[in-house]
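Heads up: the structure comes next, in structure tokens.
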Amino acid sequence: MSFQFLIESAVIKSLAELYGLNASNKDFQINETKTEFSGDYTIVLFALVKNLKKSPEALGQQLGEHLLLTNEHLFASFNVIKGFLNLVLADAPLLHILESNYQNIHFGKKPATHKKVMVEYSSPNTNKPLHLGHLRNNFLGWSVAEILKANGHEVIKTAVVNDRGIHICKSMLAWELYANGATPESANEKGDHFVGDYYVKFNDEYLQEIATLKDTGMAEEVAKKEAPIMKKTQQMLLDWEEGNKEVRALWQKMNGWVYDGFEKTYKKIGSDFDHTFYESETYLLGKDFVKEGLQKNILYKKDDGSVWIDLTAEGLDEKLVLRADGTSVYITQDIGLAKEKFENYHLDQSIYVIGDEQLYHMKVLKEILRKLGLPFADEVHHLSYGMVELTSGKMKSREGTVVDADDLIQEMETTAAQHTMELGKVNDFTPQELNKLYETLALGAMKFYLLRVDPKKRMVFNPEESIDFHGYTGPFVQYTYARVQSIMRKLQSKSTFNAEEENKPTTYREALLPLERQLIIYLEKYGNIIEEAGKEMNPSAVANYVFHLAKLFNSFYAEHSVANAETNEKQQLRIRLSLMSSLVIKSGLQLLGIGVPERM
RNA sequence: GGCCCCGUAGCUCAGUGGAUAGAGCAACAGCCUUCUAAGCUGUGGGUCGAACGUUCGAGUCGUUCCGGGGUCACCA
């Protein structure tokens, strides 16, 4: 029962008792009181004024008095300024929140809803290593899954690995032509990078062949099709589809290398999946729907035998769903896979974490599912996110500006090590402990940096900024957690400190000080944040919250001492405040996939 | 060109139709014989892309325009 809800209910009740008004929470607004005014929560009265034919001031006065009278346990006082009724909460409910939750690791989380949700994210191609864009996708998908769990849903994390197709054949062919049997082991390279090199090699050769053909007077468009290396690749794809043993063996071998590499990266960044779909196993799905769609006249066949759907009435275009030769296109298998997901897992909702460049594609998919009359069509949700750009513009593999995920992590760890050494606070750590700390900080910085912005928006990756450990960053929040742990260690080492005593419920007689109040009120909102972040599927709401919480705690920390509190009662209170702050910070960071160090 | 998204401080971003638009970075000025200074406190910095409109009230909603991006593949 959040304060927000309690106040809402109290206001509705008062409006009924005072004026016989049957109001709902949509008829008025409750805001947090702005810092320049005194109060904790504010009722905005303007919307009510019309119905009640009263001046805002008079209404505020009457409502305030009535609220205070009927909820003396909740409110301490009120003031009215223009159309705003500012309410000050009493200490007792604040202390109650603190007392009953400062050790509650489930604080803010929702009870089970029995809603089953699948989150598909990551979904890499097996022809090159992961880059910065994949990181945003992975962090986002993982975090949204955790946030949905915190909202009480059952969540299944999945990846769809794009392991077949012409682009995969490109690296295979290049390896065959130029590798002389080299392997990741012989080259001493991570498997995904190794294969990626041959993908690059393919493109280099391809461009050269095009240039050569153009020199003979061939038009560029024709040259692109006629380049021998491209023809060989296409042949390889045909061989693959026919199940040619050698091609399949090569394919398996090279994909295996890539998976080894991916696994290392996933493990490092903490991505995990309950199930992985492989396109090589799903790409034939969906063809049945084409037959069905033709029978129902939802789809139509062109003269060349290709099958289309007309979505012009929906404001979209005509879209091919099956090639003239009867082979699937991307959307064909998507239709099949969508059904597979719902039927095999009995889902209530299916979320796709995919970049916004595919907004149109996903819209088309949903529309086709709807037209086919599939009952789950409306429960397909595209969680689209914006591209990550560099300060210099877009990442372009051709210009070598793609930020590689593994490199980036390595760089961040190096930076974390530098900062840590300079500060010299953990000189007694073992090398293992140090490495663990660097990893926690590096990933904390990266994840926070990529998750703190609204997923829907494009974002700029600024290397210097991302590596910053001050201000609105992961390490800042982690630091705040470590600070609390440090306080507790200090207290426990004191002979006067008694753990038994510390756990006894306390009755507080001294009034809460402003920062103590603010902290409790802010901590109490955590549940609302989880709910909001879940509804919007937006981890940045959590990042924002947890940062402000850390900020607030640090102000409190600078202003008030825990160890040398004025009285024993204040010390007990501040210990609980500190514990609860660190607990919520840890919990919130966990939802972002970020760990906390005990010392840093 | 059609459709979709975005324009908020020098930079990166917050901002459920409500009070004098906020953070971080960068700049400047303070604070470590007391719990971790990866911190705290303060100062400066804005025509919320532009114009109309709706509203008691617009950064937020609507229309138009300007600027940026995405997409409209028998690519994925």
Side-chain angles (χ1 to χ4, degrees), chain A residues 29-31 33-37 42 44-47 49-50 56 81-84 86 123 125 162 164-168 279 304 306-308 315-325 327-331 334 354-361 363-364 384 386-387 389 391 394 416 419-420 422-423 425-426 441 445 449 452-454 456-462 464-466 468-473 475-480 482-491 494 532 536 540-541 543-544 547-548 550-551 553-565 574 578 599-600:
Chain A
Q29 251 181 55
I30 300 180
N31 295 343
T33 305
K34 295 221 161 198
T35 44
E36 58 261 46
F37 302 98
T42 296
V44 184
L45 302 164
F46 299 106
V49 166
K50 252 184 261 169
I81 299 170
K82 294 197 276 179
F84 301 94
N86 300 320
S123 305
N125 293 354
N162 179 224
R164 61 163 285 280
I166 192 83
H167 51 296
I168 308 298
E279 285 200 10
D304 65 358
S306 59
V307 181
W308 295 71
L316 306 170
D317 302 275
E318 295 185 355
K319 184 90 185 171
L320 177 101
V321 294
L322 201 65
R323 292 192 185 104
D325 62 7
T327 57
S328 301
V329 287
Y330 195 60
I331 197 116
D334 273 349
I354 304 179
D356 62 8
E357 68 215 334
Q358 290 192 39
L359 272 163
Y360 178 78
H361 175 85
K363 224 169 154 179
V364 169
S384 85
M387 297 290 103
E389 290 173 16
T391 40
K394 285 189 183 173
H419 280 258
T420 304
E422 276 166 27
L423 292 168
K425 294 178 184 179
V426 289
L441 294 175
Y449 185 82
R452 70 185 193 183
V453 289
D454 186 335
K456 288 192 291 294
K457 295 192 178 175
R458 272 184 293 147
M459 67 173 292
V460 175
F461 181 85
N462 180 330
E464 289 105 63
E465 206 174 76
S466 73
D468 198 348
F469 285 20
H470 305 269
Y472 191 21
T473 66
F476 169 86
V477 184
Q478 291 171 317
Y479 173 74
T480 310
R483 254 187 161 174
V484 174
Q485 307 321 305
S486 173
I487 297 174
M488 295 306 147
R489 279 193 300 274
K490 202 65 96 178
L491 282 169
K494 281 190 180 178
E532 182 201 326
E536 308 287 326
S540 78
N544 237 299
F547 168 71
H548 283 289
K551 190 97 185 117
F553 182 83
N554 281 324
S555 297
F556 160 82
Y557 176 92
E559 188 76 19
H560 304 296
S561 176
V562 180
N564 299 312
R574 288 178 193 161
S578 303
R599 287 175 59 193
M600 65 185 271

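Residue numbering restarts at 1 for every chain, and letters A, B, ... go by the order of the sequence lines.
Protein atom CD of A/E36 is 9 Å distant from nucleotide atom P of B/rA19, rounded to whole Å. Taking atom CD of residue A/Q358 and atom C1' of nucleotide B/rC72, one finds them 14 Å apart after rounding to whole Å. In this structure, the NZ atom of A/K490 is 8 Å from the C1' atom of B/rU36, given to the nearest Å. A/F469 places its CZ atom 16 Å from the C1' atom of B/rG24, with the value rounded to the nearest Å. In this structure, A/K319 atom NZ and B/rC75 atom P are separated by 11 Å, rounded to whole Å. When rounded to the nearest whole Å, the span between CZ of A/F476 and C1' of B/rG39 equals 7 Å.
Note: A/Y330 and A/H361 have tilted aromatic rings, judged against thresholds of 30 and 60 degrees for the angle between ring planes.
Residue side chain A/F37 meets the stacking definition with respect to B/rA19: its ring centre sits within less than 5.5 angstrom of the base's six-membered ring centre, and the planes differ by less than 30 degrees. Centre separation under 5.5 Å together with a plane angle under 30° holds for the ring of A/F84 and the six-membered base ring of B/rA19, marking them as stacked.
Among the heavy atoms of the strands lying under 4.0 Å from A/L441 is at least one base atom, whether or not backbone atoms are also near. Nucleic acid contact class of A/F46 (heavy atoms, under 4.0 Å, all strands): base. At a threshold of 4.0 angstrom between heavy atoms, the contacts of A/A558 are confined to the sugar-phosphate backbone, with no base atom among them. Backbone-only engagement by A/H167 is indicated by non-hydrogen atom pairs under 4.0 Å involving sugar-phosphate atoms exclusively. Residue A/S578 is out of contact with every strand shown, counting any heavy-atom pair closer than 4.0 Å. At the heavy-atom level, A/S486 lies under 4.0 Å from base atoms of the strands shown. If you check every strand for non-hydrogen atoms under 4.0 Å, A/T420 touches a base. If you check every strand for non-hydrogen atoms under 4.0 Å, A/Y479 touches a base.
Among the nucleotides B/rG39, B/rU36, B/rA19, the one closest to the side chain of A/N554 is B/rG39. Nearest nucleotide to the A/K34 side chain, out of B/rC72, B/rG22, B/rC40: B/rG22. Minimum atom distance to the side chain of A/Q29 is reached by B/rG18, of the listed B/rU34, B/rU36, B/rG18. Residue A/R483 places its side chain closer to B/rG39 than to any other of B/rG39, B/rC74, B/rA19. Here the side chain of A/H470 is nearest to one of B/rC40, B/rG39, B/rA37, namely B/rG39. Set against B/rA23, B/rA19, B/rU36, the side chain of A/F547 has B/rA23 as its closest nucleotide.
Distances shorter than 4.0 Å separate some side-chain N or O of A/K551 from OP1 or OP2 on B/rG24. Between A/K82 and B/rG57 there is no side-chain polar atom (N or O) within less than 4.0 angstrom of OP1 or OP2.
A/R452 forms no cation-pi arrangement with A/F547, by the criterion of a distance under 6.0 Å to the ring centre and an angle within 45° of the ring axis.
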Atom pairs, protein N/O to nucleotides 4-14 of chain B N/O, distance under 3.5 Å:
from	atom 1	to	atom 2	distance (Å)
B/rG7	OP1	A/K457	NZ	3.1
B/rU12	O2'	A/E465	OE1	3.4
B/rC13	OP1	A/V460	N	2.9
B/rA14	OP1	A/D454	N	2.8
B/rA14	OP2	A/K457	NZ	3.2
B/rA14	O2'	A/N544	ND2	3.4

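A salt bridge links A/D454 with A/K456; the closest basic N to acidic carboxylate O contact falls under 4.0 Å.
For A/F476 and A/Y479, the distance between ring centers is not under 6.0 angstrom. Two rings, from A/F84 and A/F46, have their centers less than 6.0 Å apart.
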For RNA chain B, the expected dot-bracket line (Watson-Crick or G-U under 3.5 Å, [ ] crossing, | inter-strand) is (((((((..((((....[...)))).(((((.......))))).....(((((..]....))))))))))))....

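You'll find a donor-acceptor pair under 3.5 Å spanning the side chain of A/N86 and the base of B/rA19, going by distance alone.
If you find the closest nucleotide of RNA chain B to A/D317 and to A/I30, the one lying nearer the 5' end belongs to A/I30. Toward the 5′ end of RNA chain B lies the nearest nucleotide of A/A416, the other residue of the pair A/E357 and A/A416 mapping further downstream.
Taking the C1' atom of each, B/rG62 and B/rA73 are spaced 36 Å apart, rounded to whole Å.
A syn orientation is assigned to B/rC32, its glycosidic angle lying within 90° of 0.
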